Amino acid sequence: MIAMSVNEADLADVEKQLGREPRGVVAIAYRSPDGTPGVVKTAPKLPDGTPFPTLYYLTDPRLTAEASRLEVAQVMKWMQARLADSAELQADYQAAHEHYLETRNAMEDLGTEFSAGGMPERVKCLHVLIAYALAEGPDRVRFGTEAVALAADRGLRGTAIPADWPTCEQLGFDAHQFDEAAQ
């Protein structure tokens with residue numbers, strides 16, 4: 001999941017995905033199996049100097065729609081409850097937060113300890129966690145990996161998400177526990 005450079009065709013594709021001109025894009029951080037840009041890596045400051053702490057930004061409409069659906073289905077609430085009760089998940093989330101800051105600060109230090117997605121204390125944005133997991137791979141941030149697995153197991157495996165992404169079953173939870181809440 002190594003970041004790739006960005007070219008004019010990529011930027012045009014991202015503009016179509018977002019419905020607006022992309023700002024501060026430095027690389028395509030994740031490209032789906034069908035070749036579509038899925039996550040962009042952005043500069044810590046936009047061209048006009050505005051701080052933009054979101055390092056990885058989800059752009060593929062299939063992924064953004066599924067992230068929104070998972071948020072409505074209360075996946076963040078489920079993750080937050082587990083975070084509160086698990087030292088292992090707290091350590092994983094803290095490590096993901098620190099890596100995010102290190103990666104972003106290597107580009108330009110914003111002088112803040114804010115990363116994204118609520119890290120390291122809250123789970124507040126699956127869009128960010130999915131983007132982070134897809135950009136960095138399934139071993140970087142557990143909650144992002146789980147959210148991507150949910151999206152994959154609900155029909156995006158092999159199209160928007162790699163066929164070999166870990167399944168919900170492999171990660172130890174039921175992919176369908178949120179079905180009723182999502183309707």
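Note that the structure is a prediction, hence the values are computed from the model and not measured.
In this structure, the side chains of Tyr100 and Leu55 come closer than 4.5 Å at one or more pairs of heavy atoms. With contacts defined as side-chain heavy-atom distances shorter than 4.5 Å, the pair Tyr30/Tyr56 does not qualify. Inter-residue side-chain proximity for Asp153 and Glu169 is flagged as unmet; no heavy-atom pair is nearer than 4.5 Å. A 4.5 Å side-chain heavy-atom check between Leu150 and Phe173 finds at least one atom pair inside the cut-off. For the pair Val148/Leu63, no side-chain contact is recorded, criterion being any heavy-atom separation below 4.5 Å from C-beta on. Taking 4.5 Å as the limit, some side-chain heavy atom of Leu129 sits within range of a side-chain heavy atom of Tyr93. Contact of the Val141 side chain with the Glu136 side chain is not registered, since no non-hydrogen atoms from C-beta on lie closer than 4.5 Å. Inter-residue side-chain proximity for Ile28 and Asp13 is flagged as unmet; no heavy-atom pair is nearer than 4.5 Å.
Ion pairing of Arg23 with Asp48 is absent here, as no side-chain N (NZ or NE/NH1/NH2) approaches a carboxylate O to less than 4.0 Å.
Hydrophobic cluster membership differs between Val39 and Leu101, with clusters built from Ile, Leu, Val, Met, Phe, Trp and Tyr side chains linked at under 4.5 angstrom. Note on Leu110: it does not cluster hydrophobically with Met107, by side-chain heavy-atom contacts below 4.5 Å among ILVMFWY residues. Under the 4.5 Å side-chain heavy-atom criterion for grouping Ile, Leu, Val, Met, Phe, Trp and Tyr, Val128 is not connected to Val72 through any hydrophobic cluster. In the hydrophobic clustering of this structure, Val123 groups with Met119; members are Ile, Leu, Val, Met, Phe, Trp, Tyr whose side-chain heavy atoms approach within less than 4.5 Å, directly or through other members.
Counting non-hydrogen atoms of neighbouring residues, nucleotides and ligands closer than 6.0 angstrom, the CD atom of Glu15 exceeds 12 such neighbours.
Minimum heavy-atom separation, Ala163 to Arg157: O-NH1, 3.2 Å. Closest non-hydrogen pair, Ala160 versus Pro33, comes out as C-CD, 3.8 Å. Of all non-hydrogen atoms in Pro37 and Thr59, the two that sit nearest each other are O-OG1, 3.6 Å. Closest of all the heavy-atom pairs between Gln80 and Glu121 is NE2-O, 3.3 Å. Across every non-hydrogen atom of Ala67 and Leu58, the tightest pair is CB-CD2, 4.2 Å. Here the closest heavy-atom approach between residue Leu70 and residue Ala147 is recorded as CD1-O, 3.7 Å.
Under the 3.5 Å distance criterion, with hydrogens and angles disregarded, a donor-acceptor pair is assigned to the side chains of His127 and Glu71.
Here the straight-line distance linking atom OG1 of Thr54 with atom CZ of Phe114 works out to 6.0 Å at 0.5 Å rounding. Atom CZ of Arg104 and atom NZ of Lys41 lie 12.0 Å apart (nearest 0.5 Å). Residue Leu83 holds its CG atom at 11.0 Å from CZ of Arg122, rounded to the nearest 0.5 Å. In this structure, NE2 in His99 is found 14.0 Å from CD in Gln94, a value given to the nearest 0.5 Å. How far CD of Gln17 is from OG1 of Thr36: 6.5 Å, rounded to the nearest 0.5 Å. Distance OG/Ser115 to OH/Tyr132: 8.0 Å, rounded to 0.5 Å.
For residues 81-91, every residue pair satisfying the salt bridge (charged side-chain N to carboxylate O under 4.0 Å, His left out) rule, not counting sequence neighbours, is listed here: Arg82-Glu146.
With sequence neighbours left out, the salt bridge (charged side-chain N to carboxylate O under 4.0 Å, His left out) criterion links Asp34 to Arg62.
Counting only distance, with no hydrogens or angles, the side chain of Trp165 and the backbone of Gly158 share no donor-acceptor pair below 3.5 Å. A distance-only check finds a donor-acceptor pair linking the side chain of Thr145 to the backbone of Pro138 [under 3.5 Å].
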Residue pair Val40, Val6: steps toward the side-chain contact (heavy atoms from CB on, under 4.5 Å) verdict: CA-CA 9 Å; Val40 294; Val6 64; over 6 Å; no
